[in-house]
Colleague: 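The structure is given below, and queries will be raised subsequently.
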Amino acid sequence: MSDIVLVTCNRWPAISASDAELARELSARGHNVRGLPWNGAPIGAFTSADLVVLRSNWDFHHDPSGFERWLDEIDRSDVELRNPAELVRPMLDKRYLNGLAAAGFRTPITLITENFDLADVISWTDDHALHQLVIKPLWGASGHGVELASREDLPALADRWRQDPERRPLLIQEFVPEVRNGEHALVFFKGEFSHALLRAASDDFRVNSQYGGVTSAVTAVDPSIVEFGRKVEAALPEIATYARIDVVSNGTDHVLMEVEINEPGLGLDLAPGSAARFAAALLD
């Protein structure tokens with residue numbers, strides 16, 4: 001019997017409804033499963049386990065340096081971490097999208113600004129003829145700090161950023177209007193496609209549940225979307241034990257929105273058989 005920890009966080013310490021399906025599968029196979037918050041349990045509770053799985057550590061972006069230190073401590077120990085720290089660490093910063101864009105995947109047109117130089121940002125929007133923009137922190141999760149803005153909003157946003165004592169670097173992207181029709185979340189285990197979810201916005205442009213977004217299982221997904229996600233997943237530095245590839249499509253063109261290999265919601269409670277596939281990938 002192995003001791004398996006599903007990593008949660010102080011804000012949401014309980015194992016999620018989705019991950020409860022995984023816990024049941026692992027328990028049925030004879031393993032001891034418990035949920036522990038990365039920022040609320042002693043490090044020894046993790047390093048003494050056989051397997052640590054990053055699952056609902058959804059508040060990591062509120063203390064990114066603390067989370068990186070935690071990752072480092074786990075990485076220095078003998079415990080097996082999934083996904084591994086060397087895969088997770090570079091993808092905590094959304095600059096990774098630039099690398100995938102350079103590899104030929106369509107992503108939203110993106111500008112990274114460290115100091116919100118207003119003239120440079122306005123020049124960039126004009127160069128790309130952008131009028132609606134999405135502004136988000138380079139470190140972020142669950143739609144936290146993400147805003148929809150127009151070109152005319154930029155001076156006020158720059159002023160507000162300068163008054164913020166943290167002044168975190170920002171990602172400024174074109175707004176992809178098709179996101180209002182929903183975002184396909186493609187789930188892969190060890191490189192194999194498992195299932196698809198549709199994350200649809202409600203009154204907000206964000207598809208995250210805390211903003212009214214609704215997630216449902218997709219029984220028949222366009223094969224070209226799955227193939228696009230498969231190619232993205234294959235472009236990662238190594239095969240992830242689990243990955244969620246978020247894609248927006250207008251029917252002919254697919255746009256990569258995010259690659260989630262740290263703490264993605266996987267909708268295991270929505271897709272029959274997916275928890276068993278995840279358990280098998282973890283134990284393989």
Side-chain angles (χ1 to χ4, degrees), residues 3-24 26 33-49 51-75 79 81-83 85 87-89 91-94 134-147 164-171 183 185 187 197 199-215 242-244 246 257-270 275 278:
D3 182 26
I4 300 174
V5 173
L6 304 185
V7 182
T8 65
C9 62
N10 275 341
R11 294 193 177 203
W12 296 278
I15 293 174
S16 70
S18 170
D19 291 333
E21 298 294 322
L22 173 63
R24 277 191 281 272
L26 293 169
V33 183
R34 55 204 168 103
L36 290 174
W38 72 272
N39 48 358
I43 193 68
F46 299 97
T47 58
S48 62
L51 175 64
V52 172
V53 188
L54 293 165
R55 289 308 311 124
S56 53
N57 46 296
W58 294 325
D59 65 0
F60 78 94
H61 56 288
H62 292 290
D63 183 12
S65 59
F67 183 65
E68 286 213 87
R69 288 193 299 272
W70 181 87
L71 268 183
D72 290 343
E73 289 195 70
I74 297 294
D75 205 22
V79 69
L81 178 67
R82 288 290 175 265
N83 282 308
L87 182 59
V88 170
R89 194 180 287 108
M91 298 187 71
L92 295 172
D93 184 319
K94 296 183 189 297
V134 175
I135 299 175
K136 60 181 72 172
L138 273 180
W139 278 68
S142 305
H144 177 77
V146 179
E147 297 183 62
D164 185 340
E166 290 191 321
R167 296 192 189 91
R168 292 189 178 187
L170 297 173
L171 198 76
E183 178 181 86
V187 179
L197 307 168
R199 305 170 72 222
S202 180
D203 296 329
D204 196 283
F205 74 99
R206 289 165 289 195
V207 298
N208 310 87
S209 60
Q210 59 267 50
Y211 301 106
V214 177
T215 299
Y242 58 97
R244 197 187 78 203
D246 295 341
M257 306 300 284
E258 295 271 6
V259 176
E260 301 277 6
I261 47 86
N262 172 25
E263 35 66 86
L266 298 175
L268 304 177
D269 52 333
L270 303 175
F278 191 8

Colleague: Quick one: does Asn39's side chain get under 4.5 Å of His62's, heavy atoms only?
Modeller: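 The answer is no; the side chains never approach within 4.5 Å.
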
Colleague: Supply the atom-to-atom distance Leu197 CG to Leu270 CG, rounded to the nearest 0.5 angstrom.
Modeller: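 With rounding to 0.5 Å, CG (Leu197) is 6.5 Å from CG (Leu270).
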
Colleague: Determine yes or no for a side-chain-to-main-chain donor-acceptor pair under 3.5 angstrom, with Asn83 supplying the side chain and Tyr242 the backbone.
Modeller: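 Yes; judged by distance alone, with no hydrogens or angles, the pair exists.
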
Colleague: Can you check side-chain contact (heavy atoms from CB on, under 4.5 Å) on Val33 and Arg24, steps first, answer last?
Modeller: CA-CA 9 Å; Val33 183; Arg24 277 191 281 272; over 6 Å; no

Colleague: Between Leu92 and Asn262, which heavy-atom pair has the shortest distance, and what is it?
Modeller: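 Closest heavy-atom pair between Leu92 and Asn262: CD2-ND2, 3.6 Å.
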
Colleague: So that I can tick it off, tell me whether Glu258 and Lys94 are bridged by a salt bridge, with the cut-off set at under 4.0 angstrom between side-chain N and carboxylate O.
Modeller: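 Salt bridge present between Lys94 and Glu258.
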
Colleague: Just say parallel, tilted or perpendicular for the rings of Phe67 and Phe60, cut-offs at 30° and 60°.
Modeller: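 Rings of Phe67 and Phe60: tilted, 30 to 60°.
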
Colleague: How close do Ala185 and Arg244 get, heavy atom to heavy atom, and via which atoms?
Modeller: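 Scanning both residues, the minimum pair turns out to be CB-CD, 3.6 Å.
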
Colleague: Atom CD1 of Ile4 and atom CG of Leu51: how far apart are they, to the nearest 0.5 Å?
Modeller: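 The distance works out to 5.0 Å.
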
Colleague: Would the distance check show the side chain of Asp246 and the main-chain N or O of Met257 forming a donor-acceptor pair, the cut-off being under 3.5 Å?
Modeller: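 Side chain of Asp246 to backbone of Met257, a donor-acceptor pair under 3.5 Å: no, none is there.
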
Colleague: Of the non-hydrogen atoms in Arg168 and Pro64, which two are nearest, and what is the gap between them?
Modeller: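 Looking at all heavy atoms of both residues, the closest pair is NH2-CD, 3.8 Å.
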
Colleague: So do the side chains of Leu54 and Leu81 get within less than 4.5 Å of each other, counting heavy atoms only?
Modeller: yes

Colleague: Under 3.5 Å, is there a donor-acceptor pair between the side chain of Ser18 and the main chain of Leu268?
Modeller: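 Such a contact is found between Ser18 side chain and Leu268 backbone.
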
Colleague: Where is the tightest heavy-atom contact between Leu6 and Ala23, given as atom of each residue plus distance?
Modeller: CD1-CB, 4.3 Å

Colleague: Answer yes or no: is there a side-chain heavy-atom contact under 4.5 Å between Ile74 and Thr47?
Modeller: yes

Colleague: Between Arg55 and Leu266, is there a side-chain heavy-atom distance shorter than 4.5 Å?
Modeller: yes

Colleague: Of the non-hydrogen atoms in Ser56 and Ala14, which two are nearest, and what is the gap between them?
Modeller: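 Scanning both residues completely, I find the closest heavy atoms to be OG-O, 4.3 Å.
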
Colleague: How close do Ala49 and Val79 get, heavy atom to heavy atom, and via which atoms?
Modeller: O-CG2, 3.3 Å

Colleague: Just how far is it from atom OG1 of Thr215 to atom CD of Glu183, taken to the nearest 0.5 Å?
Modeller: 9.0 Å

Colleague: Where the side chain of Trp58 meets the backbone of Cys9, is there a donor-acceptor pair that is under 3.5 Å apart?
Modeller: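 Side chain of Trp58 to backbone of Cys9: no pair is present.
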
Colleague: Walk me through it: do Asp63 and Trp38 pass the test side-chain contact (heavy atoms from CB on, under 4.5 Å)?
Modeller: CA-CA 11 Å; Asp63 183 12; Trp38 72 272; 4.3 Å; yes

Colleague: So, taking the atom named CD in Glu68 and the one named CG in Asp75, what distance separates them when rounded to the nearest 0.5 Å?
Modeller: 11.5 Å

Colleague: Atom CZ in Arg34, atom OG1 in Thr8: separation rounded to 0.5 Å?
Modeller: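 So the CZ of Arg34 and the OG1 of Thr8 are separated by 11.5 Å.
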
Colleague: Any chance you could lay out the side-chain contact (heavy atoms from CB on, under 4.5 Å) test for Val7 and Val53, step after step, and finish with the verdict?
Modeller: CA-CA 6 Å; Val7 182; Val53 188; 5.9 Å; no

